[in-house]
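Written out below as structure tokens is the structure these notes cover.
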Amino acid sequence: MDTAESNNSTAGQAAPISEQVSAAILRALTLAVATQELPSGLTLPSQITLERPKNRDHGDYATSVSLSLAKPAGMNPRAVAELLRTYLLADVEIKESISAIDIAGPGFLNITLARAGQGSIISAILSEGEKYGHGSALAGTSINLEFISANPTGPLHLGHTRWAAVGDALGRVLSAAGAKVTREFYINDRGNQMELFGASIRAAAQGLAVPEDGYHGEYITDLAALIKAEHPEFLDLPEAQSFDAFRDAGYALQLADQQRVLANFRTNFDIWFSEKSLYENDFFKHCLDRLKEQGHVFEDGGAIWLRTTDFGDDKDRVMIKSDGAFAYFASDSAYYISKRERGFDVCIYMLGADHHGYVHRLKAIAACAGDDPSYNIDVLIGQMVKILENGEELKLSKRAGTIITLEELVEKVGVDAARYTLIRYPVDTPMVMDVDVLRSRTNENPVYYVQYAHARICAVLRNATDLGIAYGADQIHPELLENERERELIGALAEFPRVVAGAAELREPHRIARYAEELAGIYHRFYADCRVLPLGDEPATELHSARATLCSATARVIANSLALLGVTAPEKM
RNA sequence: GUCCCAGUAGCUCAGUGGAUAGAGCGACCGCCUCCUAAGCGGUAGGCCACGGGUUCAACUCCCGUCUGGGACACCA
């Protein structure tokens, strides 16, 4: 792909055209205030956000500033718009890029780009390549992104899989928006569940029944057999040591298995954080002291509490139980403080729906630590995933003993389809994955729809090369791209940086998937209406080169979108 | 009881306060002697659950009601 792309990785890139336009609008407003054509006391917005009109008759960009300023200015909105129009048309920095400014409806300002402005979009895509779409919306922000954090006591299941896909994609999106992102997996390696896990494996190794409240999947017997083969002496140890030995060996194997499965799913972490480590080197005591300084710790009934009700929680939470044991909440508190002390500005938690009750108390921890819960901590709740095959819900997993695992899902539909489908829905709504749809190769399977568009373009470009048709940064010819489909396609390509920034700020990677689908659809329609390569023995013209170049830019943007989702962009299908 | 999420086309769902509310599926009718038909075009299908409020403008924000789903621990 992009074989003919010229290698001029030259000088400073101009700001995206949409930013140039919105800056010009702001200049126009400032001028109008200076000349008192707008009242001098008028407070102007700090930034003009442009909309992309749904209706193409309304131009490439639209703004409603005149509507919102009309009332404070005590003017008719259309008069404000008229004023803006005059100044914009006179603005030397922007007027070359604009072909028309129309005032519509109650006072919308509709801006149509000149061909040259459209050409600059294609040029930016080709020169920025893999970086096109990346921006600085979150530059300077250090983010800790914690997701999955499954207990190391069994295989990863469907719920974890949703987070694996969405969390990883969110990490990619946040990075693309300029944030410094650290992906972290919190390992619950202490507490009752670990003991039960060890006891279950040991029982299996002895050929005994697994405890009632223990772990029952087939994998427990597998682990027991593995450990017994490696360390037959574990069974002869004194009981307490024997439990510990099985627990620790099982933990190591299970964690390694989760890491293997996740790596295969293209989900990687920077830090695997051990809960146990929170209690080493007096770290917990340090955390408790910090919370005490803020004045929200108290003692009652022999237990140590955090007064989370000071910050909207419905009840206070116990950190140290009256028997001296640490409650799970102690770990939560210390873990949050650990993240902040490690230098993260924003801590994002991705939790399952069964943890939604945790949102208030986690936010309260931040507040109790003296932080701003609306900025320093962000808790995302993911709803349930169901999986359907042959019209019936899949529930049983041979391995886990309960629900279907990440690995089984991948075996059924592949990494690309699994990742894409899990990411394309907002996480706060329950979703259903239909295995039969994910295996189908039609419009109803969005991942193939998008990938197909990419492969289709690659095929066209291969043919272009065979025919000796040049395409690339020196073959943009924006003045030739006047078909409605071409304009629509360029407009969609120009949107990508804003989509990425929005997805990052809202923590909603599904927006990238939806954008990719829309872009793919627009390309397919362009392809149906606009012949890219010469027909038969037709001579090659600059229009063919211009269209091939547009194809190349489109492939770039589709590939960049899919890359943000961790999904491959195949060149052949 | 308290809290969270949802209610948009027959179905599954998008929709960052803007103009005529969208997509896929399903239904019906069409399009390949030449660039990937895993594609494209057209028709049909909507009191955006309901009632108030804020706003120049509400599917979108606020309050309330109804319906559905989920969560409540000195468990982890």
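Chain identifiers are assigned alphabetically (A, B, ...) following the order of the sequence lines, protein sequences preceding nucleic acid strands; residue numbering begins at 1 within each chain.
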Quick check for you: among [options], whose closest atom lies nearest to any side-chain atom of [X]?
{"X": "A:Y448", "options": "B:A38, B:A71, B:A73", "value": "B:A38"}
{"X": "A:P426", "options": "B:G18, B:C3, B:A14", "value": "B:A14"}
{"X": "A:H356", "options": "B:C74, B:G41, B:A71", "value": "B:A71"}
{"X": "A:R531", "options": "B:C35, B:U36, B:G70", "value": "B:C35"}
{"X": "A:N192", "options": "B:C35, B:A71, B:C75", "value": "B:C75"}
{"X": "A:F108", "options": "B:C35, B:A19, B:C5", "value": "B:A19"}
{"X": "A:P53", "options": "B:U36, B:C40, B:A19", "value": "B:A19"}
{"X": "A:A62", "options": "B:A19, B:U36, B:A14", "value": "B:A19"}
{"X": "A:N55", "options": "B:A71, B:C56, B:U20", "value": "B:U20"}

Could you identify the nucleotide paired to [N], looking across every strand shown and requiring Watson-Crick or G-U wobble geometry with both distances under 3.5 Å?
{"N": "B:U43", "value": "B:A27"}
{"N": "B:A49", "value": "B:U65"}
{"N": "B:C34", "value": "none"}
{"N": "B:U2", "value": "B:A71"}
{"N": "B:G18", "value": "B:C56"}

Measure from the side-chain N and O atoms of [X] to the backbone N and O of [Y], and report whether any donor-acceptor pair falls under 3.5 Å.
{"X": "A:K363", "Y": "A:P373", "answer": "yes"}
{"X": "A:E275", "Y": "A:S331", "answer": "no"}
{"X": "A:E517", "Y": "A:R514", "answer": "no"}

Can you tell me how far [atom2] of [N] sits from [atom1] of [X], to the nearest Å?
{"X": "A:L506", "N": "B:G15", "atom1": "CG", "atom2": "P", "answer": "10 Å"}
{"X": "A:Y452", "N": "B:C40", "atom1": "OH", "atom2": "C1'", "answer": "10 Å"}
{"X": "A:D428", "N": "B:G15", "atom1": "CG", "atom2": "C1'", "answer": "14 Å"}
{"X": "A:E517", "N": "B:A38", "atom1": "CD", "atom2": "P", "answer": "19 Å"}
{"X": "A:E508", "N": "B:U16", "atom1": "CD", "atom2": "C1'", "answer": "8 Å"}
{"X": "A:R424", "N": "B:G15", "atom1": "CZ", "atom2": "P", "answer": "11 Å"}
{"X": "A:E444", "N": "B:U12", "atom1": "CD", "atom2": "C1'", "answer": "11 Å"}

Pairing donors with acceptors under 3.5 angstrom, does anything connect the side chains of [X] and [Y]?
{"X": "A:Y425", "Y": "A:Q383", "result": "no"}
{"X": "A:Q193", "Y": "A:Y215", "result": "yes"}
{"X": "A:D60", "Y": "A:T112", "result": "no"}

Give a yes/no on whether any side-chain N or O of [X] is located under 4.0 angstrom from OP1 or OP2 of [N].
{"X": "A:K54", "N": "B:A19", "result": "yes"}
{"X": "A:R511", "N": "B:U16", "result": "yes"}
{"X": "A:R52", "N": "B:G18", "result": "no"}
{"X": "A:H58", "N": "B:U20", "result": "no"}
{"X": "A:K315", "N": "B:A73", "result": "yes"}
{"X": "A:K321", "N": "B:C75", "result": "yes"}
{"X": "A:R514", "N": "B:A23", "result": "no"}
{"X": "A:R456", "N": "B:A37", "result": "yes"}
{"X": "A:T429", "N": "B:A14", "result": "yes"}
{"X": "A:R317", "N": "B:A73", "result": "yes"}
{"X": "A:N463", "N": "B:U36", "result": "yes"}

On RNA chain B, more 5' by nearest nucleotide between A:A520 and A:P430 is A:P430

Of A:Y449 and A:N151, the one whose closest nucleotide on RNA chain B sits nearer the 5' end is A:Y449

I'd like the [atom1] distance from [M] over to [N], given in whole Å.
{"N": "B:C11", "M": "B:C48", "atom1": "P", "value": "16 Å"}
{"N": "B:U60", "M": "B:U54", "atom1": "C1'", "value": "13 Å"}
{"N": "B:C72", "M": "B:G26", "atom1": "C1'", "value": "41 Å"}

- Query: Can a cation-pi geometry be assigned to A:R190 and A:Y279, taking NZ or CZ under 6.0 Å from the six-membered ring centre and within 45° of the ring axis?
  - Reply: yes

- When you measure from the centre of the six-membered ring of A:Y328, is the NZ or CZ of A:R317 under 6.0 Å away and within 45° of the axis? no

Regarding B:C62, purine or pyrimidine glycosidic angle vs 90° from 0 gives anti

Notebook entry, point to check: Is there a stack between A:Y425 and B:C13, judged by ring centres under 5.5 Å and planes under 30°?
Noted result: no

Base B:A19 paired with A:N110 side chain (donor-acceptor, <3.5 Å): yes

